[in-house]
Amino acid sequence: MSSASEHAIKAHGLYKRFKTGRTHIEVLKRVDFDALHGDVTMVMGPSGSGKSTLVAALSGLLRPDEGKVTTLGQDLWGLRAGKIDKFRLDHCGFIFQGFNLFSALTALQQVEIVLKYQGVPKREARRRAADALTEVGLEMRMHSRPAEMSGGEKQRVAIARALAKQPQLLFADEPTSALDGENGQIVIRLLQRAAKSHGAAVVCVTHDPRLEAYADRVIQIEDGLILGDQRIDRSQPPLDPQHQRHDLVEA
Ligand code: ADP
Ligand code: MG
């Protein structure tokens, strides 16, 4: 497993333009980006600022017009199309706002199916799927279908599906925006755990300011430009008088 502070993703000079009718819009304007293993890197910015486009360019879903993405030591967009798909399958987990679950499948089957795509043998796939669902607190929901689950539960199935392959890269695009505060917090804590205990590089796009509290790093994007990049030091105890006095006594 890769250690913290190692680069999982490094991107340089990304441009993406879309043509709609006769007009071109530039959605990424020379974006540089990097993310570390073990970090929750939050990309925050208003709607339309290019967040989803950036995640798509970093994860092999949408080819940028210019620039380079180095991910897990490989030149992502230099790979052949089939290799990019294989890279995503092997190393990337995705969590989206809309859950993207199959309506006919049970929670267990939703998770098993990706493992089977990866070539994991049937019994092992079942065991790992059950473990992943247990990890997100859904052991009682293994045999439920999406229609029988709440939004928060459905998102946890999507997280279990992403985590079951133990991806080194976890991309979440507005994962909490269809959820209430409490379920949003459960989801972001699970993403945080993926970074801390599995060493995944978690890249989470959001415009929800409540999630900032869970970030190791907050990158601000606006109108296709990176406007800020702040590391949040989580090694220090919170600065309240109670804590400080306690520390002094212990010392
Ligand atoms: P965000 O995720 O921050 O809301 P997006 O990356 O989805 O922003 O989109 C940024 C801008 O690019 C928006 O103005 C959007 O309309 C435009 N855009 C995104 N995808 C396409 C596309 N396939 N074709 C044309 N315009 C697009
Ligand atoms: Mg978006």
Side-chain angles (χ1 to χ4, degrees), residues 8-35 39-69 71 76-77 81 84-85 88 92-101 151-152 154-156 158-159 161-162 167 169-181 183-185 187-188 190-192 194-195 200-230:
I9 306 172
K10 230 172 173 359
H12 202 72
L14 298 181
Y15 283 86
K16 184 68 194 180
R17 304 175 190 95
F18 291 112
K19 197 161 76 177
T20 45
R22 298 215 313 266
T23 53
H24 284 261
I25 55 164
E26 202 162 59
V27 175
L28 299 178
K29 303 171 179 171
R30 214 183 68 190
V31 168
D32 296 335
F33 180 93
D34 68 272
D39 263 4
V40 175
T41 302
M42 208 74 87
V43 179
M44 309 195 84
S47 179
S49 55
K51 302 183 299 297
S52 295
T53 305
L54 175 61
V55 162
L58 296 174
S59 60
L61 288 170
L62 184 71
R63 183 179 291 276
D65 295 314
E66 292 177 45
K68 185 172 177 182
V69 177
T71 173
L76 180 64
W77 293 107
I84 295 175
D85 292 343
R88 267 203 317 275
C92 301
F94 291 92
I95 295 146
F96 297 103
Q97 173 179 353
F99 320 132
N100 293 20
L101 301 177
K154 282 188 270 199
Q155 194 59 306
R156 277 144 71 193
I159 292 177
R161 181 180 57 186
L169 306 169
L170 198 53
F171 296 97
D173 193 344
E174 310 275 7
T176 63
S177 54
L179 305 177
D180 61 35
N183 279 296
Q185 204 174 74
V187 161
I188 190 69
L190 288 169
L191 297 181
Q192 199 175 40
V202 176
V203 176
C204 178
V205 157
T206 185
H207 60 255
D208 183 350
R210 289 173 303 188
L211 299 193
E212 215 174 299
Y214 300 90
D216 296 295
R217 189 168 159 206
V218 176
I219 293 176
Q220 296 284 349
I221 183 169
E222 220 169 298
D223 196 20
L225 293 165
I226 304 291
L227 294 188
D229 182 350
Q230 192 188 10

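Each ligand, and each atom within it, is numbered from 1 in the order the structure gives.
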- Item | Verify atom 5 (P) of ligand 1: protein non-hydrogen atom under 4.0 angstrom away |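 Yes, there is one.
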- Query: Just wondering, do Glu212 and Thr206 contact through their side chains at under 4.5 Å, heavy atoms?
  - Reply: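 No - every pair of side-chain heavy atoms lies 4.5 Å or more apart.
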- Query: Any side-chain heavy-atom pair from Gln155 and Leu179 closer than 4.5 angstrom?
  - Reply: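 Of all side-chain heavy-atom pairs linking Leu179 with Gln155, at least one is under 4.5 Å.
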Could you identify the single nearest non-hydrogen protein atom to [atom] and state the distance to 0.1 Å?
atom	result
atom 7 (O) of ligand 1	Ser52 CB, 3.7 Å
atom 8 (O) of ligand 1	Gly50 N, 3.2 Å
atom 15 (C) of ligand 1	Ile25 CD1, 4.7 Å
atom 9 (O) of ligand 1	Thr53 OG1, 3.9 Å
atom 27 (C) of ligand 1	Phe18 CD1, 3.3 Å
atom 12 (O) of ligand 1	Val27 CG2, 3.1 Å

- Query: Listing by chain and number, what protein N/O/S atoms are under 2.8 Å from the Mg ion (ligand 2)?
  - Reply: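 The answer is Ser52 OG.
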- Message: Tell me the nearest of Ala57, Ala56, Gly48 to atom 10 (C) of ligand 1, using heavy-atom distances.
- Response: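 Result: the heavy atom closest to atom 10 (C) of ligand 1 is in Gly48.
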- Task: List the steps, then state whether side-chain contact (heavy atoms from CB on, under 4.5 Å) holds for Leu62 with Thr53.
- Result: CA-CA 7 Å; Leu62 184 71; Thr53 305; 4.0 Å; yes
- At a 4.0 Å threshold, what atoms of ligand 1 neighbour a non-hydrogen atom of Pro46?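 Those of ligand 1 that fall under 4.0 Å from Pro46 are 3 (O).
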- Before giving the answer on side-chain contact (heavy atoms from CB on, under 4.5 Å), spell out for Leu191 and Tyr214 the whole-Å C-alpha distance, their side-chain angles and the decisive distance to 0.1 Å. CA-CA 9 Å; Leu191 297 181; Tyr214 300 90; over 6 Å; no
Can you name the closest pair of heavy atoms from [X] and [Y] and give their distance?
X	Y	answer
Leu169	Ala8	CD2-CB, 3.7 Å
Pro167	Cys92	CB-C, 3.9 Å
Arg156	Leu190	CG-CD1, 3.8 Å

- Could you tell me whether Thr20 and ligand 1 have an N or O pair separated by under 3.5 Å?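 No: no nitrogen or oxygen of Thr20 is under 3.5 Å from one in ligand 1.
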- Task: Report the residue from Asp39, Val40, Leu211 that forms a side chain to side chain contact (heavy atoms under 4.5 Å, CB included) with Gln192.
- Result: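 Only match with Gln192 under side chain to side chain contact (heavy atoms under 4.5 Å, CB included): Val40.
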- Item | side-chain contact (heavy atoms from CB on, under 4.5 Å) between Val31 and Leu225, intermediate numbers included | CA-CA 6 Å; Val31 168; Leu225 293 165; over 6 Å; no
- Task: State plainly whether the residues Lys10 and Asp32 are in salt-bridge range, i.e. N to O under 4.0 Å.
- Result: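 No, Lys10 and Asp32 are not salt-bridged.
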- Query: Can we say Asp173 and Lys51 salt-bridge, meaning some charged N sits less than 4.0 Å from an Asp/Glu carboxylate O?
  - Reply: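 Judged by the 4.0 Å cut-off on N to carboxylate O distance, Asp173 and Lys51 do not form a salt bridge.
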